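Numbering of residues begins at 1 and proceeds along the displayed sequence. Treat the numbers as computed from the prediction; the structure is a model and nothing was measured.
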Amino acid sequence: MSARAQRAAKPETQPWPRDVSHEPQMTIGQVLEIVKPHFPALTVSKIRFLENEGLLSPWRNAAGYRKYSAADVERLKYILAEQRDSYRPLKVILEQLTALDAGHEVERVPTARVVSEDGQTRLPASQHISVRQLCDLTGTSREDIEEFVRVGLITPDLGGYFPTRSIYAVNLILSLRTQGIAPRNLRSIRNSAERMADLIDQTVESTRARGRSGDIERARARSHELAELMADLQREFLRLSIEKLSQ
């Protein structure tokens, strides 16, 4: 739809939200500047990914350049808030937006339990959560969780409870599945993570073995630091491999 057509469209035919301007005036960089203070992890690539998934539809001129409206900004904030606060997979958020576009009301999940005062994601207070909680917080089914357990991507304890960080893992698994990657094909990533964890454990063992409280804390802090460095290295190796494929 052209910019002129968008201006002429009746409010009821416009996508949600309808109470803000749909005039396409902003570049993607300007949108990032507006939204990033509320969602620090946001990138241009993320915005374009959401467009490719059908959640955003900026206006494009004849040369293909995107222009975003205030309504697009509000729509982007809604998507990011649903991901951050309610751990919703994109397919569920798209269903919500479709309902809003059609003029229906969508119930929002309370977010106080998972969002800190500075707007950053905070996990539930307990270190472990039940299958039902994991389903509720990721918007997926018990059957999906059982499949992820069966193929070795997530592991419950003897009581059937999962580490709270499994919320993040399940959301990423769901996103990759929507991109056409079957969960069973992700086991190699889990295996690689376990090997890196073993290497980190061996590296900090001498510090932890002293048994003093200060040493134990130092070992824990060093483990997290090494994990971040290894994750960065793995990410760069992946980028190098992708670039090689395109040569």
If you take all heavy atoms of Val204 and Ser223, which pair is closest and at what distance? CG2-OG, 3.5 Å
In this structure, which one of Gln234, Arg187, Met230 forms a side chain to side chain contact (heavy atoms under 4.5 Å, CB included) with Ser192? Gln234
Test Val131 against Arg142 for side-chain contact (heavy atoms from CB on, under 4.5 Å), laying out the working first. CA-CA 7 Å; Val131 175; Arg142 183 181 291 265; 3.6 Å; yes
Is Glu236 salt-bridged to Arg239, going by a charged N under 4.0 Å from an acidic O? yes
Can you tell me how far apart NZ (Lys91) and CD (Glu53) are? Round to the nearest 0.5 Å. 12.5 Å
Quick check: is Leu229 connected to Leu233 through a chain of hydrophobic side chains (ILVMFWY, heavy atoms under 4.5 Å apart)? no
Rounded distance [0.5 Å steps], OG1 in Thr140 versus CD1 in Ile145: 5.5 Å
Under a 4.0 Å threshold between the charged nitrogen and the carboxylate oxygen, would Arg75 count as salt-bridged to Asp72? no
Over 12 foreign heavy atoms within 6.0 Å of CG, Leu158: no
Please examine the side chains of Lys67 and Thr27, heavy atoms only from C-beta on, and report whether any two atoms are closer than 4.5 Å. yes
Is it true that Asn191 and Ser188 share a donor-acceptor pair across their side chains at a distance under 3.5 Å? no
Distance, nearest 0.5 Å, that separates CG of Leu238 from CD1 of Ile189: 8.5 Å
Could you tell me whether the side chain of Ser141 and the main chain of Asp144 form a donor-acceptor pair under 3.5 Å? yes
Taking the side chain as every heavy atom from C-beta outward, state whether Met26 and Pro58 have any pair of such atoms under 4.5 Å apart. no
4.5 Å side-chain heavy-atom contact, Leu174 and Phe148: yes
Value for CD1 (Ile200) from CG (Leu226), rounded to nearest 0.5 Å, stands at 5.5 Å
In terms of heavy-atom contacts, Ala71 and Pro17 come closest through O-CD, 3.6 Å
Glu194/Arg190 ion pair, N-O < 4.0 Å: yes
Count the heavy atoms of every other residue, nucleotide or ligand shown that sit under 6.0 Å from CD of Glu33, and state whether that count exceeds 12. no
Please tell me whether Leu186 and Leu172 are part of a single hydrophobic cluster in this structure, the criterion being side-chain heavy atoms less than 4.5 Å apart. no
Once rounded to the nearest 0.5 Å, what's the spacing between atom CD of Glu105 and atom CG of Leu100? 7.5 Å
Let me see the working for Leu90 and Thr178 under side-chain contact (heavy atoms from CB on, under 4.5 Å), right down to the final yes or no. CA-CA 9 Å; Leu90 291 181; Thr178 63; 5.7 Å; no
Would you check, one step at a time, whether the test salt bridge (charged side-chain N to carboxylate O under 4.0 Å, His left out) holds for Asp232 with Arg235? CA-CA 5 Å; Asp232 288 342; Arg235 186 180 302 109; 2.7 Å; yes
Are any of the side-chain heavy atoms of Ile154 and Leu134 separated by less than 4.5 Å? yes
Quick check: closest heavy atoms across Pro15 and His22, and the distance to 0.1 Å? O-CE1, 3.0 Å
Can you list the steps and then say if Trp16 with Gln96 is a side-chain contact (heavy atoms from CB on, under 4.5 Å)? CA-CA 11 Å; Trp16 179 91; Gln96 292 177 324; over 6 Å; no
Hydrophobic cluster membership, Val44 vs Leu80, 4.5 Å side-chain cutoff: yes
Going through the checks in order, is the side-chain contact (heavy atoms from CB on, under 4.5 Å) test met by Phe39 and Leu76? CA-CA 10 Å; Phe39 301 90; Leu76 176 59; over 6 Å; no
Between Lys77 and Glu74, is the closest basic N to carboxylate O distance under 4.0 Å? yes
Of all heavy-atom pairs between Leu55 and Ile93, which one has the smallest distance, and what is that distance? CD2-CG2, 3.7 Å
Asp101 backbone acceptor or donor facing Arg18 side chain under 3.5 Å: yes
For residues Val106 and Ile79: do they belong to one hydrophobic cluster (side chain heavy atoms under 4.5 Å, members Ile, Leu, Val, Met, Phe, Trp, Tyr)? yes
Is there a path of hydrophobic side-chain contacts, each under 4.5 Å between heavy atoms of I/L/V/M/F/W/Y residues, joining Tyr65 to Leu50? no
Rounded at 0.5 Å granularity, tell me how far CZ in Phe162 sits from CD1 in Ile167. 11.5 Å
Does any part of the side chain of Gln25, heavy atoms only, come nearer than 4.5 Å to the side chain of Gln30, both counted from C-beta? no
With a sphere of 6.0 Å drawn around CZ of Phe49, does it hold more than 12 non-hydrogen atoms of other residues, nucleotides or ligands? yes
